[in-house]
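As the structure is a computational prediction, the values presented were derived from the model and not from experiment. Each chain gets a letter, A, B and so on, in the order its sequence line appears, and its residues count up from 1.
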Amino acid sequence: MLADLLEFQGANAFKIRAYRNGARVIKDYPDSINSIIEEDPASLLSIDGIGKGVAEKCVVLVETGELPQINEILEEIPRSVLDLLRIPGMGPKKAAMLYRELGIAALDQLKEACEAGVVADLKGFGAKTVESILAGIEIADAANKRVYWAKADETAREILDHMQSCGEIRKIELAGSYRRRRETVGDLDILVVSENAEAVMDHFGAYHLVESVIGRGDTKMSVRIEESLQVDLRVVPAESFGAALQYFTGSKDHNVVLRGLAKQKGLKINEYGVFKMDGDKETYVAGATEEEVYAAMELPVFPPELREARREFDWAAEKTIPDLIREQDLVGDLHMHTTATDGKATLEEMVEAAQARGLSYIAITDPSQRVSMAHGLDADRLLAQWREVDVLNEKLDGSFRILKGIDCDILESGGMDLPDEVLSQGDWIIASVHYGQRQSREQITDRIVGALENPHVHIIAHPTGRLINRREAYEVDMEAVMQAAVENGKLLELNANPARLDLHDVHLAAARKYQIPIVISSDAHSVDGLDVLKYGVLQARRGGLTADDVANTKSWDAIESILGR
DNA sequence: GCCGTTTTCGGCCCGACTGTTTTCAGTCG
């Protein structure tokens with residue numbers, strides 16, 4: 001936010017970038033900044049991108065909860081000016097001009113001023129700008145909303161389908177955050193090799209969900225579909241395809257680092273290729289494929305999921321880029337519901353579906369009694385279900401294994417929702433927080449740590465409780481949770497539901513550092529629900545996880561030995 | 001504000017497109 005405000009004030013662009021970069025580095029950092037500051041504030045300086053200025057601000061922020069610098073600026077400029085920046089096409093310069101010249105500090109004021117005709121008279125503004133601002137105000141919320149990766153995937157496939165029927169396309173690929181498999185996607189980037197850009201763009205514009213054309217030039221076209229999602233199309237020559245794919249896959253921060261490295265080598269990289277620089281003269285070196293581009297930089301082709309300017313360049317230097325987990329590595333699924341509670345399929349149906357998907361074991365984990373909304377299981381119903389599981393396992397005769405499990409609520413007052421003597425009879429005991437999510441950080445952390453210390457509990461499900469775009473994670477000290485998981489030899493879940501993806505990538509990277517085994521679970525409430533495992537795998541890849549880091553790539557026997565049985 | 005096996009000062013990624021301009025600033029990715 002400091003960077004946004006400074007940008008609005010017209011401060012030095014590099015300073016703004018330094019703040020923004022610092023904030024990102026801290027957000028992406030696998031260790032908690034709070035505990036670094038507690039132990040040794042000076043060590044902040046050893047983190048790339050954090051210097052004296054940002055480090056000092058971190059300490060003040062952690063100790064007091066606020067930044068005097070921000071408060072000072074907010075005395076001069078109302079916070080609502082930042083809303084102006086949410087309008088597509090409105091940047092800090094134009095917004096500052098509106099505030100300075102017309103005193104506009106909020107969206108409704110801007111709308112009035114546009115309609116009154118005073119905005120068009122400003123220098124640099126005109127009739128078209130006003131028109132686009134008015135349209136932009138209407139979609140400011142929708143335009144900034146990021147959709148679940150799974151939803152973007154659906155749209156992307158439909159658009160690809162549509163584009164396939166254009167005869168002029170020689171190659172087509174999706175780039176951007178979609179290709180990096182980010183949990184949410186802000187827009188789609190499509191790259192095309194063609195000799196006939198006009199025809200490709202015409203075909204693109206004819207896609208039935210295109211709502212408006214944001215812009216169209218000789219090689220680039222942007223449209224908005226279904227109110228929110230923006231789709232950019234870029235037509236490039238074949239010899240630039242790899243460079244363009246690299247460039248538009250990003251991330252922006254990854255590219256900034258890459259270009260910096262190129263400069264040191266006397267090279268220049270842009271979306272057209274890698275060029276050797278000799279004074280003003282540039283010679284094309286590479287660009288047709290991504291392999292070529294990275295090879296020209298003496299770098300490996302980074303998996304797109306890792307291109308976030310986090311650890312990947314260090315890993316490349318050490319030759320330790322993780323061999324990321326793949327969907328086919330998963331052999332079991334350890335979290336699902338049945339008709340015994342809020343699931344749509346019976347125990348038998350879930351078993352059949354899991355077998356059909358090539359899995360070799362599953363855990364049946366209906367929620368416990370406290371989760372009344374889902375008609376959670378009390379001890380009697382649970383034990384009855386487990387007897388059913390025993391019978392089914394007999395029938396399966398070793399060809400497939402069903403584990404007797406439960407998703408046991410961690411009570412608001414602490415402690416488990418079912419007695420130890422019941423839990424001790426199960427194979428796979430999940431503990432998770434469903435209620436009291438607004439408790440203090442200490443309370444929630446204590447509840448979860450307490451569950452990890454219970455000898456019958458094996459894993460914490462959806463450890464932060466967030467629902468992407470809908471509910472923030474509860475306050476929890478993940479460092480303490482991980483510490484407790486390590487000390488008690490417990491596991492953590494990566495819930496693969498596209499709306500959860502909980503743990504997120506930064507926590508996964510931290511868990512990997514702690515060597516805490518992760519379990520990727522579907523949390524399926526139906527047969528089709530089992531198919532979300534693939535989204536969990538993508539998230540795990542973003543966290544840098546290998547098959548070996550994920551417990552359910554191994555046999556159930558191997559998991560039992562992880563649990564010390 | 002950050003950074004340094006060319007540097008502790010002087011750099012900091014790079015190009016497309018738009019709208020408002022008559023050669024370019026602002027925005028975006």
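Nucleotides B:dA16 and B:dT6 have their C1' atoms positioned 33 Å apart, rounded to a whole Å. Taking the P atom of each, B:dT27 and B:dT21 are spaced 15 Å apart, rounded to whole Å. Using atom C1' as the reference point in both B:dC13 and B:dT8, the two lie 24 Å apart (nearest Å). Rounded to whole Å, the P atom of B:dC28 lies 16 Å from the corresponding atom of B:dT20.
The residue A:A175 sits apart from the nucleic acid: no heavy atom pair falls under 4.0 Å. Residue A:I50 is classed as a sugar-phosphate contact, given heavy-atom separations below 4.0 Å to backbone atoms only. Contact annotation for A:K52: backbone-only contact, meaning every heavy-atom pair under 4.0 Å involves sugar-phosphate atoms and none involves a base.
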Next item on the list: Carefully, step by step, assess A:F313 and A:F302 under the rule ring pair (Phe, Tyr, Trp, His ring centres under 6.0 Å).
Entry: CA-CA 9 Å; A:F313 289 101; A:F302 298 98; 5.2 Å; yes
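Annotation: A:D48, atom CG; neighbour count of heavy atoms from other residues, nucleotides and ligands within 6.0 Å does not exceed 12.
Look at CD on A:Q230: it is 14 Å from P on B:dC17, rounded to the nearest Å.
Qualifying side-chain hydrogen bond (donor to acceptor under 3.5 Å, both in side chains) partners for A:R541, counting only residues two or more places apart in sequence or in other chains: A:E305.
Between A:R17 and A:D253 no salt bridge is recorded (no basic side-chain N to carboxylate O distance below 4.0 Å). Ion pair A:R170/A:E195 flagged as a salt bridge, since at least one NZ, NE, NH1 or NH2 atom sits closer than 4.0 Å to an Asp/Glu carboxylate oxygen.
Heavy-atom distances under 4.0 Å link DNA chain B to A:R259, A:K263, A:K268, A:I269, A:N270, A:E271 of residues 258-271 of chain A, given in residue order.
In this model, no donor atom of one side chain and acceptor atom of the other lie less than 3.5 Å apart for A:H254 and A:T249.
Residue side chain A:Y247 reaches the base of B:dG29 through a donor-acceptor N/O pair under 3.5 Å, judged by distance alone.
Side-chain nitrogen and oxygen atoms of A:R234 include none within less than 4.0 Å of the OP1 or OP2 phosphate oxygen of B:dG15. Remark: A:S132 is not in phosphate contact with B:dT27, judged by side-chain N or O atoms under 4.0 Å from OP1 or OP2.
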